[in-house]
Amino acid sequence: MASDTLSGLTVAILITDGFEQVEMTEPRKALDLAGAKTQIVSPKDGAVRAWNFTEWGDQFRVDRLLNKARPDDYDALLLPGGVINPDTLRTIPAAVAFAKGFFDAGKPVASICHGPWTIIEAGAARGRRLTSWPSLRTDLENAGADWVDEQVVVDLNLVTSRMPDDIPAFNRAVITLFSGACGGVRPA
């Protein structure tokens, strides 16, 4: 059932090839149904290809090239996981700077699975309580985060989740957090 909870909110979905398909499509569907406008932002032109658990998945049209996108154009950021996608994004200075811009502006950010690798590179993990795919625990702790093994964790303007099984809880927390951005940003 569609609602207007997020009406007027524009959400950037930062991805490149190898994002976990369900970690982008399900949160995007929930955001769209809540009235948000979602856009795939990518360093790759044309289309990006998903990873679907154990093999390559579907292709999705890129709405805006990363070099033409600015955090000021968006109200919130979604960082899907998969292993390939965030591992690639964290090596692209423009992708890291784009994500960092949301944290610097106090805008809400949602990240699932391996997505927090981008948060680490953006220098935004220190002092945060968050979760991720279990193999990122040491990376996040080394970056100064308080890692916990929970379905979903909200820390100020950051919501994180562990894996595809957590998507229903993740989507609920994302909608709640992002709804606060409809009336303006809250401090991070």
Side-chain angles (χ1 to χ4, degrees), residues 3-15 19 23-24 27-28 30-32 34-43 63-81 85-86 89-90 92-132 136 139-148 150-162 166 169-188:
S3 76
D4 63 355
T5 305
L6 300 181
S7 180
L9 193 83
T10 304
V11 180
I13 303 171
L14 180 61
I15 53 176
F19 62 93
E23 293 174 2
M24 189 281 285
R28 185 180 202 184
L31 288 164
D32 290 342
K37 177 184 176 187
T38 57
Q39 286 192 338
I40 292 176
V41 176
S42 180
D63 298 303
R64 187 175 284 179
L65 275 172
L66 178 60
N67 65 5
K68 296 187 189 301
R70 300 173 334 142
D72 290 348
D73 299 334
Y74 300 94
D75 302 299
L77 174 64
L78 174 63
L79 296 170
N85 167 63
L89 290 175
R90 68 182 175 160
I92 301 171
V96 173
F98 184 75
K100 184 178 185 314
F102 286 84
F103 287 101
D104 290 349
K107 294 181 179 184
V109 176
S111 182
I112 187 168
C113 191
H114 288 75
W117 268 338
T118 307
I119 295 169
I120 292 170
E121 287 301 318
R126 182 164 304 284
R128 297 266 188 181
R129 183 174 184 269
L130 50 79
T131 193
S132 67
L136 272 67
D139 296 340
L140 286 160
E141 288 176 344
N142 286 341
D146 176 18
W147 186 89
V148 294
E150 295 177 13
Q151 199 174 38
V152 65
V153 175
V154 178
D155 183 322
L156 299 172
N157 277 9
L158 174 64
V159 60
T160 53
S161 206
R162 301 172 301 187
D166 299 336
F170 179 65
N171 286 349
R172 287 188 298 274
V174 169
I175 299 299
T176 299
L177 178 65
F178 285 14
S179 68
C182 291
V185 296
R186 298 182 299 207

Yes or no on side-chain contact (heavy atoms from CB on, under 4.5 Å) for N157 and L177, after CA distance, side-chain angles and deciding distance?
CA-CA 7 Å; N157 277 9; L177 178 65; 4.1 Å; yes
The reported gap from OG1 in T38 to CG in D32 (rounded to nearest 0.5 angstrom) is 3.5 Å
Out of curiosity, L14 CG to L89 CG, how far, rounded to the nearest 0.5 Å?
5.0 Å
Got a sec, which residues hit salt bridge (Lys or Arg N to Asp or Glu O under 4.0 Å) with R28, two or more places apart in sequence or on another chain?
D63
CG/D155 to CG/D146 distance, rounded to the nearest 0.5 angstrom?
9.0 Å
Test M24 against I40 for side-chain contact (heavy atoms from CB on, under 4.5 Å), laying out the working first.
CA-CA 10 Å; M24 189 281 285; I40 292 176; 4.0 Å; yes
Distance-only criterion, 3.5 Å: show the donor-acceptor pairs between side-chain atoms of residues 95-102 and protein atoms not counting sequence neighbours.
{"unit_1": "K100", "atom_1": "NZ", "unit_2": "D104", "atom_2": "OD1", "d": "3.1"}
{"unit_1": "K100", "atom_1": "NZ", "unit_2": "D104", "atom_2": "OD2", "d": "2.8"}

Taking side chain to side chain contact (heavy atoms under 4.5 Å, CB included) as the test, write out the residues that go with A110, two or more places apart.
L78, V159, F170, V174, F178
Sequence neighbours excluded, which residues qualify as side-chain hydrogen bond (donor to acceptor under 3.5 Å, both in side chains) partners of Q39?
Y74
Work out which heavy atom in I15 is nearest to a heavy atom in S42; give both atom names and the distance.
O-OG, 2.8 Å
Mind checking what makes side-chain hydrogen bond (donor to acceptor under 3.5 Å, both in side chains) contact with T160, not counting sequence neighbours?
none
Under 3.5 Å donor-acceptor pairs involving side-chain atoms of residues 65-73, not counting sequence neighbours:
{"unit_1": "D73", "atom_1": "OD2", "unit_2": "R64", "atom_2": "NH1", "d": "2.8"}
{"unit_1": "D73", "atom_1": "OD2", "unit_2": "R70", "atom_2": "N", "d": "3.2"}

Rounded to the nearest 0.5 Å, what's the gap from OG1 on T10 to CG on L77? Could you check?
13.0 Å
Decide yes or no on side-chain contact (heavy atoms from CB on, under 4.5 Å) for L31 and I175, but give the supporting numbers first.
CA-CA 7 Å; L31 288 164; I175 299 299; 3.9 Å; yes
Indicate the atoms forming the closest heavy-atom contact of C113 with L136, along with that distance.
O-CD2, 4.0 Å
Can you name the side chain to side chain contact (heavy atoms under 4.5 Å, CB included) partners of N142, sequence neighbours left out?
T138
At what distance, to the nearest 0.5 angstrom, does CZ of R162 lie from CG of L130?
13.0 Å
Non-neighbouring partners of R172 that pass salt bridge (Lys or Arg N to Asp or Glu O under 4.0 Å), sequence neighbours left out
none
Could you list the residues that satisfy ring-ring contact (aromatic ring centres under 6.0 Å, His included) with W117, not counting sequence neighbours?
H114
Could I get the full list of side-chain hydrogen bond (donor to acceptor under 3.5 Å, both in side chains) partners for E150, not counting sequence neighbours?
R129
Pairwise side-chain contact, P86 with L79, heavy-atom cut-off 4.5 Å (strictly under)
no
Return the OG to CD1 distance between S132 and I120, rounded to the nearest 0.5 Å.
8.0 Å
Between T131 (side chain) and V152 (backbone), is there a donor-acceptor pair under 3.5 Å?
no
